[in-house]
Structure formats: C-alpha cells, structure tokens
Amino acid sequence: MDHEHVHWFKSSYSGGSGTECVVVADLVSATGVRDSKRPEEPRVAVRPSTWDEFVQGLRQTPKRGHAGCP
C-alpha cells in the first residue's frame, strides 16, 4: 500500500476536542485511514464496503462539535 502518492483529506466526521483528527484516502481497492497529527505513523486500509458501512453508522449518530484539525 503506497501512502506517499495518494491524496489524503480530512474526514467530515473528524472533530471533537481537536485530538480526533482523521484523514482518509481512496486507495482504489481500499480506503486508507490515518491520524492527521501523526501522518508518518501506521495507517489502516479497509474495504470500500466496510468504510461505507462505517460512514453510514456515523450518519445515524448526531455529530459533536468540530475542532481545528491540521
């Protein structure tokens, strides 16, 4: 999984106290997820269908306040 040549963007569900910043990337056959404050740290990749289910679950949960994320 080559994370150096992909476009990472802040998840719209990233927020809270400013310590829960998540960025995601379309990796063609997977969705990449990493901590925006530690981009050099390990990342995870999940199947697109798994990510879609996760996002659907978040949409059913009320959003909390957003904080500044890099």
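For reference, positions follow the sequence shown, starting with 1.
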What is the ring orientation for Trp51 with Phe54, classed by angle as parallel under 30°, tilted 30 to 60°, or perpendicular over 60°? tilted
Nearest heavy-atom contact between Ala45 and Ala30 is CB-CB, 4.0 Å
Would you name the heavy atoms of Pro48 and Thr31 that are closest together and state the gap between them? CA-OG1, 4.1 Å
Option from Val23, Val33, Val22 for which side chain to side chain contact (heavy atoms under 4.5 Å, CB included) with Trp8 holds: Val23
Decide whether Phe9 and Val28 are clustered together by the hydrophobic rule: side chain heavy atoms of Ile, Leu, Val, Met, Phe, Trp, Tyr closer than 4.5 Å, transitively. no
Do Pro39 and Arg34 have side chains that approach each other closer than 4.5 Å (heavy atoms only, starting at C-beta)? yes
Got a second to check how far Glu41's CD is from Arg43's CZ, nearest 0.5 Å? 9.0 Å
Give me the atom names and distance for the closest heavy-atom approach of Val6 to Ala25. CG2-CB, 3.9 Å
Does the side-chain contact (heavy atoms from CB on, under 4.5 Å) test come out yes or no for Gln56 and Glu53, once each step is laid out? CA-CA 5 Å; Gln56 289 300 320; Glu53 289 176 28; 5.7 Å; no
